[in-house]
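Computed from heavy atoms alone, side chains included, the values below leave out hydrogens, waters and symmetry copies. Numbering of ligands and ligand atoms starts at 1, following listing order. Bear in mind that the values here come from a model prediction, so they are computed numbers and not experimental data.
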Amino acid sequence: MQETQTRHGSHYQLQRNGDAFQLQHMPRQLPDLAADQVLIQVGAVSLNYRDLLILRNAAQDTVDGQIPLSDAAGTVIAVGSRVSRWQVGDRVAPNFFAHWHSGKYQAKHYVQGALGGSQTPGVLAEHIVASEDAIVAIPAHLSLQEAATLPCAAVTAWHALFERGQLQAGETVLIQGTGGVALFALQLAVAQGAKVIITSSSDEKLARAKALGAWHTINYHHQANWDEIALTLTDGVGVDHILELGGPDTYARSINALASGGQIHQIGVLTGFGPTPNLWPLQAKNAQINGILVGSVAHFTALNAFLSQHQIIPVIDRQFAYAEAGAAFDYLASAQHFGKVVINVHP
Ligand SMILES: NC(=O)c1ccc[n+]([C@@H]2O[C@H](COP(=O)([O-])OP(=O)(O)OC[C@H]3O[C@@H](n4cnc5c(N)ncnc54)[C@H](OP(=O)(O)O)[C@@H]3O)[C@@H](O)[C@H]2O)c1
């Protein structure tokens, strides 16, 4: 079916307010579809820490009027004249990078197509338009709300542990915190048969992580020397894979906790964008650092196959109504969440 009629809907955009930005709900007239595009009715979207950084203009590149958020899932409601891979009714999610389909990452992928970034509209809208090669089918066992949690956090965890890390059963993994990326990493690693050590500021969250299959848990507030504890837990060997989510406050301990030949997957900036630590100990361990930036359509597709094979259900902490988008941002900023925060758009 080719889209011919004009459709109306709404979106949220980031509106400059002095030095800060705030969300503004706006009516929207949808553009005509190009021949290779699909129109998606958004079922749900999810938030990532990145969206807080953009709202706060942390990189000084937030664009007035931009539609925020990168993660959505929905239903195809119209297709362009040359679309061959999708039909009306298909349940899909857009890839975080609209132009990174497979193969090696190139800098232009970020500049041209990171959804909700400075150059490309995001997904906090009733409808989105996407090229047919920039979306994936969502796993049949997931709701639209669950699938909306995947594009950034889950693809990042998959890319780190499986594409770059080649995680094997029996290997050890250390994960920092219990946010979105962290819990996907936990679920994926446990399904692969790895032994996961997870840290959190909350004993209650650690108990929930244990129920998801964590091997050991450490409260990083009560036990700041989590690196030494990880070394003890691994009989002095160290951890094979570390998901580095903290940033400057955690770099040095991650390097200390790493096993010889191990891998640090450099992902997060939760404690800021400060200086790098002394890297010499990595040399002494014959270890490596993998810089990770979300992933390609091919990564997302491989992730979905694994999620389906293991019937993994994303952990949603809380869902908000579309009209409460601002409250969802505030809730994520409070860091009370365990897993993902979702906004229902057309549930
Ligand atoms: N490179 C990439 O492609 C990529 C992709 C996605 C995300 N990221 C980055 O990865 C990080 C996590 O993102 P997210 O969306 O998963 O965040 P999130 O859901 O907001 O998770 C926040 C959680 O991180 C934990 N945390 C905060 N400070 C910590 C510290 N010093 N040590 C250990 N844990 C700490 C807290 O967990 P507890 O409450 O359990 O303590 C907090 O609730 C962010 O820096 C984000 O920018 C990068």
**Complete:** Looking only at protein heavy atoms, what sits closest to atom 39 (O) of ligand 1 is Lys205 NZ, 2.8 Å

**Request:** Go through Asp71 and Asn48 one step at a time and tell me if the side-chain hydrogen bond (donor to acceptor under 3.5 Å, both in side chains) criterion holds.
**Result:** CA-CA 8 Å; Asp71 292 13; Asn48 294 283; 3.0 Å; yes

**Request:** Starting from atom 35 (C) of ligand 1, find the nearest protein heavy-atom neighbour and note its residue, name and distance.
**Result:** Tyr220 OH, 3.2 Å

**Request:** Identify, for atom 37 (O) of ligand 1, the protein heavy atom at the shortest distance, and state residue, atom and that distance.
**Result:** Thr178 N, 3.3 Å

**Prompt:** Can a non-hydrogen atom of His337 be found less than 4.0 Å from any atom of ligand 1?
**Reply:** yes

**Asked** Thr156 and Cys152: which non-hydrogen atoms are nearest, and at how many Å?
**Response** OG1-O, 2.6 Å

**Prompt:** Any luck finding a side-chain donor-acceptor pair between Glu126 and His346 under 3.5 Å?
**Reply:** yes

**Prompt:** Any chance the side chains of Gln145 and Asn344 put a donor and an acceptor closer than 3.5 Å?
**Reply:** yes

**Message:** Tell me the protein heavy atom at minimum distance from atom 14 (P) of ligand 1, and give that distance in Å.
**Reply:** Tyr49 CB, 3.8 Å

**Asked** Between Glu228 and Asn256, does any side-chain donor sit less than 3.5 Å from a side-chain acceptor?
**Response** yes

**Message:** To check your reading of the model: name the closest protein heavy atom to atom 3 (O) of ligand 1, its residue, and the distance in Å.
**Reply:** Val294 N, 2.7 Å

**Prompt:** Counting heavy atoms only, which part of Thr271 comes closer than 4.0 Å to ligand 1: side chain, backbone, both or neither?
**Reply:** side chain

**Request:** Report the member of Gly179, Gly339, Pro151 with the shortest heavy-atom distance to atom 23 (C) of ligand 1.
**Result:** Gly179

**Val181: numbered ligand 1 atoms lying under 4.0 Å from its heavy atoms** = 6 (C), 7 (C), 16 (O)

**Message:** Using heavy atoms and a 4.0 Å limit, tell me yes or no: is Gly246 in contact with ligand 1?
**Reply:** no

**Asked** Which one of Asp51, Leu270, Asn48 has a non-hydrogen atom at the shortest distance from atom 24 (O) of ligand 1?
**Response** Leu270

**Mode of Ile292 contact toward ligand 1 - side chain, backbone, both, neither (heavy atoms, under 4.0 Å)** = backbone

**Message:** Under the salt bridge (Lys or Arg N to Asp or Glu O under 4.0 Å) definition, can you give me all pairs with a residue in residues 233-255, not counting sequence neighbours?
**Reply:** Asp227-Arg253

**Request:** Can you sort out which atoms of ligand 1 are near Leu293, meaning under 4.0 Å from one of its heavy atoms?
**Result:** 3 (O)

**Prompt:** Any link between Leu55 and Val63 through a network of hydrophobic side chains (Ile, Leu, Val, Met, Phe, Trp, Tyr) touching at under 4.5 Å?
**Reply:** no

**Fill in**
To atom 40 (O) of ligand 1, the nearest of Ser202, Ala182, Ser200 on a heavy-atom basis is Ser200

**Request:** For Ser201, counting its heavy atoms only, list the atoms of ligand 1 lying under 4.0 Å from any of them.
**Result:** 38 (P), 39 (O), 40 (O), 41 (O)

**Prompt:** Does a side chain donor of either His25 or Ser10 reach within less than 3.5 Å of an acceptor in the other side chain?
**Reply:** yes

**Message:** Tell me which one of Phe306, Phe300, Phe184 satisfies ring-ring contact (aromatic ring centres under 6.0 Å, His included) with Trp158.
**Reply:** Phe306

**Request:** Indicate, as side chain, backbone, both or neither, the part of Thr156 found under 4.0 angstrom from ligand 1 when only non-hydrogen atoms are considered.
**Result:** side chain

**Contacting atoms of ligand 1, where contact means under 4.0 angstrom from a heavy atom of Cys152** = 5 (C), 6 (C)

**Request:** Enumerate the atoms of ligand 1 whose separation from the nearest heavy atom of Gly268 is less than 4.0 angstrom.
**Result:** 9 (C), 10 (O), 11 (C), 45 (O)

**Prompt:** Any N or O on Ala153 sitting closer than 3.5 Å to an N or O of ligand 1?
**Reply:** no

**Fill in**
With sequence neighbours left out, the residues meeting side-chain contact (heavy atoms from CB on, under 4.5 Å) with His109 are His99, Trp100, Tyr105, Gln106

**Prompt:** Quick one: does Tyr12's side chain have a donor or acceptor within less than 3.5 Å of a partner on Tyr322's backbone?
**Reply:** yes

**Message:** Tell me whether Arg318 forms a cation-pi arrangement with Tyr331, defined as NZ or CZ under 6.0 Å from the six-membered ring centre and within 45 degrees of its axis.
**Reply:** yes

**Request:** Could you pull out, from Val155, Asn219, Ile267, the option with a heavy atom nearest to atom 48 (C) of ligand 1?
**Result:** Ile267

**Request:** Considering the heavy atoms of Ala335, write down every atom of ligand 1 situated less than 4.0 Å from one of them.
**Result:** 39 (O), 43 (O)

**Prompt:** Looking at ligand 1, does any of its N/O atoms fall within less than 3.5 Å of an N/O of Val269?
**Reply:** yes

**Request:** Return yes if a side-chain donor-acceptor contact under 3.5 Å exists between Ser254 and Gln176, otherwise no.
**Result:** yes

